[in-house]
Each structure stands twice: as C-alpha cells, then as structure tokens.
Amino acid sequence: VSVGNICRSPIAEAVFRKLVTDEKVENKWRIDSAATSTYEIGNPPDYRGQTCMKKHGITMSHIARQITKEDFQTFDYILCMDESNLRDLKRKSNQVKDCKATIELLGTYDPQKQLIIEDPYYGNEKDFETVYEQCVRCCKAFLEKPH
C-alpha cells in the first residue's frame, strides 16, 4: 500500500507476483496493491515505474484503487511503504470489525535495513530503480519467512 497506488505499491505487487510465479507457489497467494488516498483511483501505474519494470522483464497490469474494509478482513498481510501509510492504515483498521490483517512496513523485511521505501513520484528514473531494488529485497525476504 502507498499513497496513490501508482508508483511504489504496484511495483511491489508486480515484483512479488513474479517471485511467487518463479517459485511456482502463486496458487498459495492472493496479491494486490492499493492506495490510502483517492488521488489516483482508476489510473495506470506511473510510466517511469512501467519503464523500470519492463527493463527488468516484469509486467505491470494494475489500475489504482483505494484500500477497502474488506481488504482488512480478507488479507493476512497489508504491507506499506512509509510511516504515513502505516499510520493511515492502522487508523482505518481500527474502524473495521474483524480486522485480520497484520499491518507492517514492507521495509521491515529489508536485509539492508532500509525501513522506508521513499516515494519516487517527484524524482527521476534512478529513484524508481531504487524502489524496484528495495521491493525485490523485501519481497524475497518476506516470501522466505514462514507463513
């Protein structure tokens, strides 16, 4: 989960989807991404993120959406990009009866201890590459964890 669901979260979603597909465990996972805000609902991922992912041979076919109450009730994990997302998600989850999701920073899983995945929106291609690299490290570590 990220603010607009057009940069960081669709990259993380696509990276994780590729990892589980490569490991042939995709049938054990329901993977999606979402926004805490309504800013970008209905929009495709940022073109710079799409370019970055194509360069790494990963397809992105996501349309931005806002997180729902049902997400808190159906997903086991809701992983987000920064402290602001974490606060928003915890506040929203407190309003949901039967919230079963564990809400954490995706960066918690980074072996390089980069806790925050910075928003590349106002940056350049290099910033999207950094997000991609962080997502790969975090998603691999998350996938290796016993669930």
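Side chains included, hydrogens not; waters and symmetry mates left out as well; all remaining heavy atoms used. Note that the structure is predicted; figures quoted are calculated from it, not measured.
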Exercise. List the steps, then state whether side-chain hydrogen bond (donor to acceptor under 3.5 Å, both in side chains) holds for Lys145 with Tyr77.
Key: CA-CA 13 Å; Lys145 163 192 159 164; Tyr77 294 91; 3.3 Å; yes
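Residues meeting the ring-ring contact (aromatic ring centres under 6.0 Å, His included) test with Tyr39, sequence neighbours left out: none. Every side-chain contact (heavy atoms from CB on, under 4.5 Å) that Ile31 has, sequence neighbours left out, goes to Glu13, Phe16, Arg17, Val20, Trp29. Qualifying salt bridge (charged side-chain N to carboxylate O under 4.0 Å, His left out) partners for Lys126, counting only residues two or more places apart in sequence or in other chains: none. Checked against ring-ring contact (aromatic ring centres under 6.0 Å, His included), Tyr132 has the following partners two or more places apart in sequence or in another chain: His56. A search for salt bridge (charged side-chain N to carboxylate O under 4.0 Å, His left out) contacts involving Lys55 returns Glu129, not counting sequence neighbours. Scored by the side-chain contact (heavy atoms from CB on, under 4.5 Å) test, Thr130 finds Gln134 as partners (sequence neighbours excluded).
Lys100 NZ: more than 12 foreign heavy atoms inside a 6.0 Å radius.
Between the side chain of Gln50 and the main chain of Pro45, a donor-acceptor pair closer than 3.5 Å is present. Remark: side-chain polar atoms of His62 are not paired, donor with acceptor, to backbone N or O of Ile6 under 3.5 angstrom. In terms of modelled atom types and a separation under 3.5 Å, the side chain of Asn124 and the main chain of Asp127 share a donor-acceptor contact. Although no hydrogens or angles enter the test, the distance criterion places no donor-acceptor pair under 3.5 Å between the side chain of Arg65 and the main chain of Ile41. Although no hydrogens or angles enter the test, the distance criterion places no donor-acceptor pair under 3.5 Å between the side chain of Thr108 and the main chain of Glu104.
Considering only heavy atoms from C-beta on, Thr102 stays 4.5 Å or farther from Asp76 through its side chain.
Between Lys113 and Asp110 there is no salt bridge, since no side-chain N of the basic residue sits under 4.0 Å from a carboxylate O of the acidic one. Electrostatic pairing of Asp82 and Arg8 counts as a salt bridge here, judged by a charged N lying under 4.0 Å from a carboxylate O. Taking 4.0 Å as the cut-off between side-chain N and carboxylate O, Lys18 and Asp22 count as a salt-bridged pair.
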